Peer 1: 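Here it is, the structure, as structure tokens.
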There are 2 protein chains.
Amino acid sequence: MTEICKVYDEHLDKILEAKKKLPDEETILEVSDFFDALGNPTRLKILFALLEDELCTCDLSNITGLSVSAISHQLRILKDRKIVTYRKDGKNVFYSLDDEHIREILKIALKHMEE
Amino acid sequence: MTEICKVYDEHLDKILEAKKKLPDEETILEVSDFFDALGNPTRLKILFALLEDELCTCDLSNITGLSVSAISHQLRILKDRKIVTYRKDGKNVFYSLDDEHIREILKIALKHMEE
DNA sequence: TGTACATTTGAACAATTGTGCAAATGTTCT
DNA sequence: AGAACATTTGCACAATTGTTCAAATGTACA
């Protein structure tokens, strides 16, 4: 921090309170990674497609119109961040949403946009 | 798309269904912008701090330990994306969360991390 | 009007990100 | 083993992002 800014006495309580209740750095970074994973059009298309049913890498490439490689790269990010899971079946790898929170958050976000 | 990938007959229905239900490009981009705004540690700190109470730019700089300028840049993004609102009071500008969806989503995300 | 201070803005720069390409790996079937 | 095809991976490169610094703008008050 380079600039200095006077602390108002009457703000002091609120500042201390906010500092105290702020989640710790590690949690902030985790939540940030989570939202960051959702904050990309390709990854969102993947997730919205998976709302219906599990799909393989190739299906997702078809649905999104992006290269299989691009989809695979993005799936890795979603997998690493525990947003999707997968099961292998022969040559195919089927991806699906990891849990109910994802579904819930996607729904709220869509609703948020409509207003 | 350069790579071509054979469409399985038995996947065809699921692909068409998913394509049909996918939100349109514009909506996808809006939702993506929304999550993208939440996917950054500095902006998250701002939002978590605002869960308690409205705060001015200077307060937020204190709480996060970042320069006033950095905070102001990030506040502009949150403001543009309708995630925070503000009211002016003399020399100060007080920011607060724009609506209940934000609060709800932040809470679910925190819960999601704990599991 | 001038001073003090809160906030915003624009330029610049390093760091990160998303994609395609080419090659590697995995799996099934003959 | 070899062919066929789904998937993953590493590299490269353009595009985007977050921060700082310096300057501009806004507001209150003497």
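We use all heavy atoms of the structure for the numbers below, so side chains are in, but hydrogens, waters and symmetry mates are not. Lettering follows sequence order; numbering is per chain, from 1. All values derive from a computational prediction rather than experimental measurement.
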Peer 1: Between A:L29 and B:P41, which heavy-atom pair has the shortest distance, and what is it?
Peer 2: CD2-CG, 3.7 Å
Peer 1: Validate the cation-pi geometry between B:K79 and B:Y95: distance from NZ or CZ to the six-membered ring centre under 6.0 Å, angle to the ring axis within 45°.
Peer 2: no
Peer 1: Taking CZ from A:F94 and P from C:dT27, how many angstroms apart are they, rounded to a whole number?
Peer 2: 15 Å
Peer 1: Got a sec, which pairs hit ring pair (Phe, Tyr, Trp, His ring centres under 6.0 Å) with one end in residues 41-72 of chain A, sequence neighbours left out?
Peer 2: none
Peer 1: Taking N or O atoms only and anything under 3.5 Å, show me the protein contacts with nucleotides 13-19 of chain C, one pair per line.
Peer 2:
unit_1: C:dG18; atom_1: OP1; unit_2: A:N40; atom_2: ND2; d: 3.1
unit_1: C:dG18; atom_1: OP1; unit_2: A:R43; atom_2: NH1; d: 3.3
unit_1: C:dG18; atom_1: OP1; unit_2: A:R43; atom_2: NH2; d: 3.1
unit_1: C:dG18; atom_1: OP2; unit_2: A:R43; atom_2: NH1; d: 3.3
unit_1: C:dT19; atom_1: OP1; unit_2: A:T42; atom_2: OG1; d: 2.7
unit_1: C:dT19; atom_1: OP2; unit_2: A:Q74; atom_2: NE2; d: 2.7

Peer 1: Under a 4.0 Å threshold between the charged nitrogen and the carboxylate oxygen, would B:D99 count as salt-bridged to B:K82?
Peer 2: no
Peer 1: Please pick, from D:dT7, C:dT8, D:dT8, the nucleotide with the shortest atom-to-atom distance to any side-chain atom of B:Y95.
Peer 2: C:dT8
Peer 1: Inspect the contact between A:K20 and A:E17 and indicate whether a charged nitrogen and a carboxylate oxygen are less than 4.0 angstrom apart.
Peer 2: yes
Peer 1: Atom CG of A:D80 to atom P of D:dT8: distance rounded to whole Å?
Peer 2: 12 Å
Peer 1: Tell me, please, which residues at least two apart from A:R76 pass salt bridge (charged side-chain N to carboxylate O under 4.0 Å, His left out).
Peer 2: none
Peer 1: When you check the phosphate oxygens OP1 and OP2 of C:dT27, does a side-chain N or O of A:N92 lie under 4.0 Å from one of them?
Peer 2: no
Peer 1: Mind calculating the distance between CG (A:N62) and P (D:dA6) to the nearest angstrom?
Peer 2: 10 Å
Peer 1: Taking only residues two or more places apart in sequence or in another chain, which ones pass salt bridge (charged side-chain N to carboxylate O under 4.0 Å, His left out) with B:D98?
Peer 2: none
Peer 1: Can you tell me how far P of C:dA6 sits from CD1 of A:I15, to the nearest Å?
Peer 2: 11 Å
Peer 1: Tell me, which of residues 23-34 of chain A have any heavy atom that sits under 4.0 Å from an atom in DNA chain C?
Peer 2: none
Peer 1: Roughly what angle, to 10°, lies between the helix axis at the start of the helix from C:dT1-D:dA30 to C:dT30-D:dA1 and the one at its end, five pairs per end?
Peer 2: 30°
Peer 1: List the residues meeting side-chain hydrogen bond (donor to acceptor under 3.5 Å, both in side chains) with B:D89, not counting sequence neighbours, and say none if there are none.
Peer 2: none
Peer 1: List in chain and number order the residues that pass side-chain contact (heavy atoms from CB on, under 4.5 Å) with A:K19, two or more places apart in sequence or in another chain; answer none if no residue qualifies.
Peer 2: B:I63
Peer 1: Give the intermediate values and the outcome of salt bridge (charged side-chain N to carboxylate O under 4.0 Å, His left out) for residues B:R103 and B:E100.
Peer 2: CA-CA 5 Å; B:R103 215 174 284 275; B:E100 229 19 68; 3.5 Å; yes
Peer 1: Could you give the CG-to-P distance, from A:L55 to D:dA6, as a whole number of Å?
Peer 2: 15 Å
Peer 1: In this structure, how many angstroms lie between the C1' atom of D:dA6 and the CG atom of A:D59, rounded?
Peer 2: 11 Å
Peer 1: Test: salt bridge (Lys or Arg N to Asp or Glu O under 4.0 Å). Region: residues 38-57 of chain B. Which pairs qualify, not counting sequence neighbours?
Peer 2: A:K21-B:E52, A:E25-B:K45, B:E54-B:R87
Peer 1: Could you give the CG-to-P distance, from B:L75 to D:dT17, as a whole number of Å?
Peer 2: 17 Å
Peer 1: Tabulated below should be each protein N or O lying under 3.5 Å from an N or O of nucleotides 26-30 of chain D; please produce it.
Peer 2:
none

Peer 1: Can you say whether a donor on the side chain of A:S69 sits under 3.5 Å from an acceptor on the base of D:dT9, or the other way round?
Peer 2: yes
Peer 1: Looking at residues at least two apart in the chain, or sitting in another chain, which of them share a side-chain hydrogen bond (donor to acceptor under 3.5 Å, both in side chains) with B:E26?
Peer 2: none
Peer 1: Taking side-chain hydrogen bond (donor to acceptor under 3.5 Å, both in side chains) as the definition, give me every residue that meets it alongside B:T85, ordered by chain and number, with sequence neighbours left out.
Peer 2: none
Peer 1: Considering residues, nucleotides and ligands other than B:F94, do more than 12 of their heavy atoms fall under 6.0 Å from its CZ?
Peer 2: yes
